[in-house]
Novice: 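Mind having a look at this structure? Questions to follow.
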Amino acid sequence: MKLSVVILSLASLVFAASLRTFEQQPLPAAQSGFDLDLNALRLIQLEGRAPEWVTEGRKIELKALGFKFFDITENQDLGNGIQSPTRVKSSFPSPNATEKVTPILKTLSTQGPKENLEKFTSFRTRYYRSDTGRASQKWLLSKISEITNGTASASLQKLITFREFRHSWGQNSIIVRIQGSSTSDDAVVIIGAHQDSTNLWPFLPAPGADDDGSGSVTILEAYRALLAADYRPVRTLEFHWYSAEGGLLGSQAVAQDYAANSVNVIAMSQFDMTAWVKRGTREEAGIIIDYVDPDLTKFNMELVDLYMDIPFVQTQCGYACSDHASWRKAGYPSTFTIESSFENSNKNIHSANDRIDISDEFSFEHMLEFSKLAVAFAVELGGYTD
Ligand SMILES: *[C@@H]1O[C@H](CO)[C@@H](O)[C@H](O)[C@H]1NC(C)=O
Ligand SMILES: *[C@@H]1O[C@H](CO)[C@@H](O)[C@H](O)[C@H]1NC(C)=O
Ligand SMILES: [Zn+2]
C-alpha cells in the first residue's frame with residue numbers, strides 16, 4: 001500500500017469526523033448569496049488514483065486537508081479523448097528581443113496594481129459560486145475594457161477582442177485576445193492567472209489578495225504596458241483570468257475547448273501568487289519544475305535571468321496545483337512562476353487574512369518583477385510587428 005493511500009485513508013476518517021462537525025453547526029447566514037450544494041456529487045481525480053465521486057462537502061474538506069486534485073465532473077474526456085492535436089513540438093530558442101522588451105519594462109508601475117488589488121480584495125469573497133464572485137468578475141471585465149479603451153490606439157483596438165467564457169456556475173472566465181499579424185503562423189501564446197478566491201470554508205470571507213489577486217493584477221499591468229507601447233504580436237497573444245481554481249474547473253473547461261478546436265497553443269504561462277517576500281529570506285522568483293513542460297520552463301528561467309531584477313529558485317508544488325496543470329493535461333506546454341520557493345510562500349492564503357495590509361511581506365515592488373516576466377514572455381514568444 002502506498003504511503004499516499006494510507007494518508008488518504010486517514011484523511012478520509014478525519015474528513016468524516018469534521019464533516020459531521022460542519023453538519024452540526026448552524027449554517028452561516030452568509031449562505032444566501034451562494035449557489036453551493038454541499039451534497040452535489042463531484043468527480044475528482046487525485047494523482048495516481050482512479051477518479052472518484054464525492055460530495056461537494058467532501059471535496060471542500062479534502063482541499064482543506066491539503067489534497068490536490070482535478071475536479072473532472074464537467075471535463076471527463078480532457079487528456080483522454082480530448083487532447084491537443086499532435087504537432088511538431090515547439091522549440092524555445094534563447095530570448096533575444098531585449099531591444100523591444102526593455103523599454104516596455106520601464107513603463108511598468110505599481111500604481112495600477114495597487115488600485116486594482118484594493119478594489120479586487122474589497123469583494124467579501126470572489127468564490128466562483130457566490131454573487132460577490134460574479135460581481136468581482138464583472139468588475140474585472142469592465143476594468144479590462146476601460147484599460148483597453150483608454151490605452152490602446154484605435155488601430156490596435158481593432159486587433160483586440162475580449163469575452164466571457166461561460167461556465168455552468170455563476171462566475172465566468174475572461175479571455176482577452178490580441179490578434180497576431182501573421183497569416184501563416186496559427187500559434188497562440190497564453191498568459192494566465194485565476195481571478196477567484198476562496199476561504200477553506202467557502203462561506204467565510206476570502207479577500208484573496210495574494211491567491212490570486214496578485215497574479216490577476218500582475219498580468220493586467222503587463223497587458224496595460226503592452227497596449228501603451230502599441231505592441232502588435234506576430235502570433236496571437238491571449239490573457240486569461242480563470243474562474244474556479246478549486247479543482248481547476250475554469251481552466252480545464254477553457255483548455256478542453258481549445259484542444260477540441262485544435263487551437264495551436266505553443267506556450268502557456270501561469271501567475272499564481274506574486275506578492276509575498278517572507279521575512280528573512282532572499283527575494284526571488286519560484287520556478288515550478290514539477291508537472292510542467294521542461295523546455296518552456298528552461299526558457300522561462302532564461303527570461304528571469306535576462307529581465308527580472310531578482311534571481312530564480314527552482315521549486316515544486318505538486319499535482320494539479322494551479323491552472324497550468326489544465327493546459328498540460330490538454331497536451332500543451334505550460335510553465336508556472338510563483339512568488340518564492342513553495343516553502344516560503346504566503347501561509348495566509350485561503351483565509352480572511354489573505355490581505356494586502358496583513359504584513360509588509362506583501363510587496364507591490366515584488367509583484368512588479370512578475371509583470372516584467374509576463375511582458376517578456378509575451379514579446380519573446382509572440383514576436384513583434386514593426
Ligand atoms: C532572435 O532569435 C530568433 C530565433 O533564433 C531569430 O529568428 C531572430 O532573428 C533573432 N532576433 C534578433 C533580434 O536577434
Ligand atoms: C471608450 O471610451 C469612450 C470615451 O470615454 C466612450 O465614449 C466609449 O463608449 C468607450 N468604448 C468602449 C467600447 O467602452
Ligand atoms: Zn491559486
Side-chain angles (χ1 to χ4, degrees), residues 63-64 66-71 90-104 117 120-121 125-128 133 136 171 173 182 184-185 187 189 191-200 202 206-219 233-235 240-252 266-267 269-276 286 288 291 295 298-299 302-303 306-307 315 317-327 334 336-340 342 345-351 354 367 370 376-386:
K63 187 154 192 272
F67 288 93
K68 290 169 177 167
F69 50 81
F70 289 98
D71 178 337
S90 299
S91 62
F92 302 102
S94 292
N96 63 359
T98 46
E99 275 182 38
K100 190 69 187 176
V101 175
T102 310
I104 305 178
L117 197 54
F120 216 35
T121 53
T125 176
R126 303 191 302 274
Y127 191 64
Y128 68 106
S136 64
Q171 181 189 65
S173 295
S182 176
S184 56
D185 188 347
V189 174
I191 293 171
H194 70 88
Q195 57 172 291
D196 63 312
S197 69
T198 186
N199 196 302
L200 281 185
D210 202 10
D211 186 15
D212 182 20
S214 61
S216 296
V217 302
T218 292
I219 69 169
V234 175
R235 293 162 165 168
H240 292 186
W241 286 269
Y242 304 110
S243 170
E245 189 208 20
L248 305 177
L249 291 163
S251 54
Q252 280 186 93
I266 58 155
S269 179
Q270 173 75 357
F271 292 81
D272 190 354
M273 299 167 65
T274 61
W276 197 258
I288 301 294
Y291 303 96
D295 294 337
K298 179 175 165 288
F299 176 80
E302 293 180 40
L303 291 180
L306 194 52
Y307 294 115
T315 188
C317 74
Y319 182 74
C321 73
S322 193
D323 299 296
H324 64 292
S326 299
W327 292 94
S334 61
F336 172 24
T337 317
I338 187 171
E339 58 204 7
S340 62
F342 194 64
S345 64
N346 192 339
K347 298 297 182 286
N348 297 303
I349 63 166
H350 303 156
S351 84
D354 186 5
M367 208 187 280
F370 293 81
F377 193 87
V379 178
E380 290 283 0
L381 289 174
Y384 52 94
T385 319
D386 283 316

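Note that ligands are numbered from 1 as they come in the structure, with each ligand's atoms numbered from 1 the same way. Residues: numbered from 1 along the sequence shown.
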Novice: Could you label the plane-to-plane angle of the F92 and F299 rings as parallel, tilted or perpendicular, counting under 30° as parallel and over 60° as perpendicular?
Specialist: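 Rings of F92 and F299: tilted, 30 to 60°.
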Novice: Kindly print each ligand 1 N/O atom paired with any protein N/O atom under 3.5 angstrom away, one pair per line, or none if nothing qualifies.
Specialist:
| from | atom 1 | to | atom 2 | distance (Å) |
| --- | --- | --- | --- | --- |
| ligand 1 | 2 (O) | N96 | ND2 | 2.4 |
| ligand 1 | 11 (N) | N96 | ND2 | 3.0 |
| ligand 1 | 14 (O) | N96 | ND2 | 3.2 |

Novice: When the ring planes of F271 and F370 are compared, do they come out parallel, tilted or perpendicular, using 30° and 60° as the limits?
Specialist: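 Perpendicular, since the angle between the ring planes exceeds 60°.
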Novice: Could you tell me if the side chain of T125 sits less than 4.5 Å from the side chain of S197, heavy atoms only?
Specialist: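 S197 vs T125: side chains touch.
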Novice: Compute the angle centred on the Zn ion (ligand 3) spanning NE2 of H194 and OD1 of D211, and express it rounded to 10 degrees.
Specialist: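 That angle works out to 90° after rounding to 10°.
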Novice: I'd like to know if the side chain of E380 reaches the main chain of P95, judged simply by a donor and an acceptor atom lying under 3.5 Å from each other, with no hydrogens or angles considered.
Specialist: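 Between the backbone of P95 and the side chain of E380 there is no qualifying donor-acceptor contact (under 3.5 Å).
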Novice: What residues form a ring-ring contact (aromatic ring centres under 6.0 Å, His included) with Y128, not counting sequence neighbours?
Specialist: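 Y128 satisfies ring-ring contact (aromatic ring centres under 6.0 Å, His included) with W169 once adjacent residues are dropped.
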Novice: Would you call the rings of W327 and H240 parallel, tilted or perpendicular, taking 30° and 60° as the class edges?
Specialist: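 The arrangement is tilted - the two ring planes meet at 30° to 60°.
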